[in-house]
Number of protein chains: 2
Amino acid sequence: MKKTVFIFGALVLALLTLFKLSKYSFVSGNTSIEFILAAIAIIFFVIGVMINRKVLHKNKTSGKEIDHKKIKQLGLSKREYEVLCEIALGLSNKEIADKLFVSESTIKTHVSNILVKLDAKRRTQAIQIAKELKIIPF
Amino acid sequence: MKKTVFIFGALVLALLTLFKLSKYSFVSGNTSIEFILAAIAIIFFVIGVMINRKVLHKNKTSGKEIDHKKIKQLGLSKREYEVLCEIALGLSNKEIADKLFVSESTIKTHVSNILVKLDAKRRTQAIQIAKELKIIPF
DNA sequence: TAAGATTTCATACTTTAGTATGAGTAGTTT
DNA sequence: AAACTACTCATACTAAAGTATGAAATCTTA
């Protein structure tokens, strides 16, 4: 955000300078008017691109950001959320167990708790619900 | 695409007109130079916004549109693709069978074929792979 | 410190998922 | 017509997923 302020500030300054330059050149007649016009055109073109990127970037990230509040509301613990993410990656209970260095029965316990908290009957349904609730990155 | 051509064409024409106007006003001294500068600034600002929107719009839609070619490349049949979508919705084999008015064993056959064609070990992995291949809407 | 939550694990069980095999039907293409 | 593909179904089996219960260790919080 600080970067944005600096960049836009610099652009505004450059603009004002160009406006003053245009008047001086209008009086002196040295600098060509086309150069001033081109410079202003380029600067505002860049500003347009940047503003648009900022706006669309927010829409993009907001659609992908994780709703951490909802995770707590559901009562999902750290470990359970970890397991949920691995499920969404398509791993089996055994694979998750190996990845997190615990036994398969531990994962089964976590999965059962996850299904209850997400009100899902299967792990595939849990994935779908988690996506709708925006608590997993997809 | 046609709209884009028309809009950009109109913008270019407006620009050229402004450039000529700037020269006339330069001679006659009637129109203020600030007006010309402001007009060019606005026009290029709009152009910048529009171009950026076009570019980002392509990235956005391409990230959501289904790659029908890849479905054929994988050899997935109509029915298999239907089943794949239902799997992604979190339905069980029995639920899919009831929804499509066929027996559960039929669904099992389809699922097995899907897993082979997607090179997946489980249905959850099939969902993940299908998402990466952009053949299911998510 | 006591209460509560989290994480871990096991055992036994039921259910669902997935594989392998074979086979019948319908539609399409050669 | 014969070959091919897609869709259907069944049976029998193995593997994975999920449930229920109990229990122990750790960690946090009142």
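Chain naming here is simple, since letters A, B, ... match the order of the sequence lines and numbering starts at 1 in each.
Regarding contacts with the backbone of C/dT7, every side-chain N or O of A/Thr106 stays at 4.0 angstrom or more from both OP1 and OP2. Between B/His110 and the phosphate of D/dT8, there is a side-chain N or O to OP1/OP2 separation shorter than 4.0 Å. Contact annotation: B/Arg122 side-chain N/O to C/dG18 OP1/OP2 distance is not under 4.0 Å.
Considering A/Leu74, A/Ile114, A/Ile71 in turn, A/Ile71 is the only one that fulfils the side chain to side chain contact (heavy atoms under 4.5 Å, CB included) rule with A/Tyr81.
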Q | Full working for salt bridge (charged side-chain N to carboxylate O under 4.0 Å, His left out) between B/Glu65 and B/Lys134 | A | CA-CA 7 Å; B/Glu65 277 174 0; B/Lys134 295 173 182 176; over 6 Å; no
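Considering only side-chain atoms of A/Val111, the nucleotide from C/dG18, D/dT11, D/dG18 that sits closest is D/dG18. Considering only side-chain atoms of A/Ser92, the nucleotide from C/dT7, D/dA17, D/dT11 that sits closest is D/dA17. Of the listed nucleotides (C/dG18, D/dC7, C/dT16), C/dG18 has the atom at the smallest distance from the side chain of B/Ser112. Nearest to the side chain of B/Arg79, among C/dG18, D/dC7, C/dC9, sits D/dC7. Listed nucleotides: C/dT8, D/dG18, C/dT7. Nearest to the side chain of A/Ser77: C/dT7.
If you check every strand for non-hydrogen atoms under 4.0 Å, B/Ser103 touches sugar and phosphate atoms only.
Remark: C1' of D/dA16 and CD of A/Glu104 are 8 Å apart, rounded to the nearest angstrom. As a whole-Å value, the separation of A/Leu74 CG from C/dT6 P is 13 Å. Between the NZ atom of A/Lys78 and the P atom of C/dT8 there is a distance of 12 Å, rounded to whole Å. Computed from coordinates, the B/Asn113 CG to C/dA17 C1' distance equals 15 Å when rounded to whole Å. The CG-C1' distance, from A/Asn93 to C/dT15, rounds to 14 Å in whole Å. Counting to the nearest Å, the P atom of C/dT7 and the OH atom of A/Tyr81 are 14 Å from each other. Here D/dA10 presents its P atom at 11 Å from NZ of B/Lys94, a figure rounded to the nearest Å. Rounded to an integer number of Å, the gap from A/Leu118 CG to D/dG18 P is 12 Å.
With DNA chain D read from its 5' end, the first of the two nearest nucleotides for B/Lys108 and B/Glu80 is the one closest to B/Glu80.
In this model, no donor atom of one side chain and acceptor atom of the other lie less than 3.5 Å apart for B/Ser112 and B/Thr109.
Under the 4.0 Å criterion applied to side-chain N and carboxylate O atoms, B/Arg122 and A/Glu95 are assigned as salt-bridge partners.
Listed for the B/Glu80 side chain is a donor-acceptor partner under 3.5 Å among the backbone atoms of B/Ser77.
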